[in-house]
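Just follow the structure's listing: the first ligand is 1, and inside any ligand the first atom is 1. Numbering of residues begins at 1 and proceeds along the displayed sequence.
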Amino acid sequence: MSSYKRRATPGDTEWFVHDRFGMFIHFGLYAAPARHEWIQCREQIQPEEYKKYFDHFNPDLFDAKEWARKAKAAGMKYAVLTSKHHEGFCLFDSQYTDYKITNTQFGRDLIKEYVEAFRAEGLKVGFYYSLIDWHHPEFTIDHIHPMRNLPDAEAISAKRDMKKYAEYMRNQVTELLTNYGRIDILWFDFSYKKAPGSTDWMQGKGKDDWESEKLIEIARRLQPGIIIDNRADIDQDIWTPEQLQVEEWPKHKESGELVTWEACQTFSGSWGYHRDEQTWKSPEQLIAMLIKTVALGGNLLMNVGPTARGCFDKRADRALDAFGEWMKYNARSIYGCTMAEPEFITPNGCRLTQSEDGKRLYIHLLEYPYQTLYMPCLAERIEYAQFLHDASEVKYDPSNGFVCSKMQNTFLLPTKKPDILVPVIEVFLK
Ligand code: GLC
């Protein structure tokens with residue numbers, strides 16, 4: 001058994017740390033302007049003007065089953081979809097707002113179709129729910145609000161009542177966790193401090209504004225076992241480093257315990273569909289992100305931003321295919337795996353994972369070495385080794401001294417890298 005003890009979580013994270021790999025989906029009106037999901041804030045678009053995206057919203061190619069099939073084919077085991085992002089638009093049929101998908105030309109409850117299709121593929125299902133809401137009339141204006149520079153912003157904001165907005169959130173979270181069957185993850189987003197230099201009346205927002213304790217209490221009552229992130233400003237189940245490759249397993253600030261964590265990453269920088277973004281990561285980078293995350297005991301939530309037609313664009317499809325192709329042969333080094341025990345020293349250019357039961361070690365050759373891989377820590381522990389993708393034997397020679405003594409305790413590798421993005425050596429341990 002792995003010797004790493006995680007800090008206890010209120011929700012059920014056992015399945016989560018086994019499954020390791022999920023799909024994040026950011027979908028909303030911002031798919032139409034197609035230049036970042038924060039466009040309403042960045043370009044300070046006022047509600048009357050933003051309304052054109054609502055009026056024209058019609059993701060006619062949306063097919064929840066296709067989304068679910070693609071997630072599964074990529075090797076993902078769960079998904080988290082934006083039920084509402086910062087723009088305030090709801091992808092579900094909420095009785096507390098008119099600003100919802102059932103009131104667009106599209107007319108269907110997309111959340112309902114998503115839940116059913118992903119469940120049918122055997123995937124676990126989560127909802128992202130934005131704490132920020134730039135559409136709600138009671139949400140006070142702060143330094144990231146699209147109305148921040150209106151001449152009468154302060155006067156407008158003074159009339160707003162966050163208590164009413166907090167109640168709205170409780171009502172919507174109740175709907176989300178009551179009307180769609182079992183929900184495995186609730187992903188709140190996010191809390192922030194007052195920006196330095198911003199006008200005095202523009203405050204940041206945190207747990208007191210969201211009334212997070214009540215929100216969490218509702219979620220736990222309606223869906224016992226649900227996994228909740230930390231972004232409502234109260235420690236819950238998961239820590240969520242964003243667009244960042246952490247260097248070590250994150251620890252709890254006060255107690256120093258290892259936490260349950262999930263990195264969220266994008267294919268190209270933005271979360272919502274961004275037509276002109278040219279910063280798409282290569283397949284090698286994507287696979288390396290997954291490996292490096294699990295090698296530090298974490299999960300990867302990999303984001304897709306569907307187009308306003310409701311489907312994945314070709315670049316996203318290709319990225320998912322890269323995961324699918326690699327996972328088809330190498331999933332065993334990801335599912336049910338975690339950080340390797342400290343006795344195993346990571347060779348240069350590699351990352352290690354180890355099965356939870358401790359019986360197998362996986363050596364990911366991120367940089368393919370020349371013929372040999374020196375791993376003296378295995379001398380007493382190795383029983384047998386093979387490449388994971390084709391189960392072909394990889395010889396380990398504890399006494400191979402053909403050049404100098406340093407060459408002992410090495411794997412003997414083919415000179416040419418096998419035709420797989422990142423080859424993995426599977427070691428059966430004694
Ligand atoms: C940030 C962004 C948001 C995105 C999220 C994903 O908080 O505000 O656009 O949804 O990160 O982690």
So which protein heavy atom does atom 10 (O) of ligand 1 come closest to, and at what separation? His26 NE2, 2.5 Å

Looking only at protein heavy atoms, what sits closest to atom 3 (C) of ligand 1 is His85 NE2, 3.5 Å

Give the numbers and elements of all ligand 1 atoms closer than 4.0 Å to a heavy atom of Cys264. 12 (O)

Test your reading of the model: is there a side-chain donor-acceptor pair from Tyr30 to the backbone of Phe27, 3.5 Å cut-off? yes

Pairwise ring-ring contact (aromatic ring centres under 6.0 Å, His included) hits with a residue in residues 294-339, at least two apart: Phe21-Phe323, Trp67-Phe312

In terms of residue, atom name and distance, what is the protein heavy atom nearest to atom 1 (C) of ligand 1? Glu242 OE2, 3.2 Å

Answer yes or no for Gln243: is there a heavy-atom contact with ligand 1 below 4.0 Å? no

NE2 (His364) and CG (Leu388) are apart, to the nearest 0.5 Å, by 7.5 Å

Please identify which atoms of ligand 1 are closer than 4.0 Å to at least one heavy atom of Trp187. 12 (O)

min-distance protein heavy atom vs atom 5 (C) of ligand 1 -> Asp189 OD2, 3.3 Å

Parallel, tilted or perpendicular, judged at 30° and 60°: which one describes the rings of His136 and Tyr168? tilted

Sidechain-backbone polar pair: Lys84 side chain, Tyr129 backbone, donor-acceptor under 3.5 Å: no

Output a table of donor-acceptor pairs, distance under 3.5 Å, between side-chain atoms of residues 71-78 and any protein atom two or more places apart or on a different chain; print 'none' if there are none.
{"from": "Lys72", "atom 1": "NZ", "to": "Glu121", "atom 2": "O", "distance (Å)": "3.3"}
{"from": "Tyr78", "atom 1": "OH", "to": "Glu262", "atom 2": "OE2", "distance (Å)": "2.7"}
{"from": "Tyr78", "atom 1": "OH", "to": "Asn299", "atom 2": "ND2", "distance (Å)": "3.2"}

Atoms of ligand 1 less than 4.0 Å from Glu37 heavy atoms? 3 (C), 9 (O)

Interfacing atoms of ligand 1 (cut-off 4.0 Å, heavy-atom, Trp38): 2 (C), 3 (C), 8 (O), 9 (O)

Classify the contact between Tyr192 and ligand 1 as side chain, backbone, both or neither, using a heavy-atom distance cut-off of under 4.0 Å. neither

Evaluate the side-chain proximity of Thr104 to Thr102: yes if any heavy-atom separation is below 4.5 Å, no if none is. no

Which of the numbered atoms in ligand 1 are below 4.0 angstrom from a heavy atom of Tyr128? 10 (O)

Relative to the ring of Trp271, is the ring of Phe24 parallel (under 30°), tilted (30 to 60°) or perpendicular (over 60°)? perpendicular

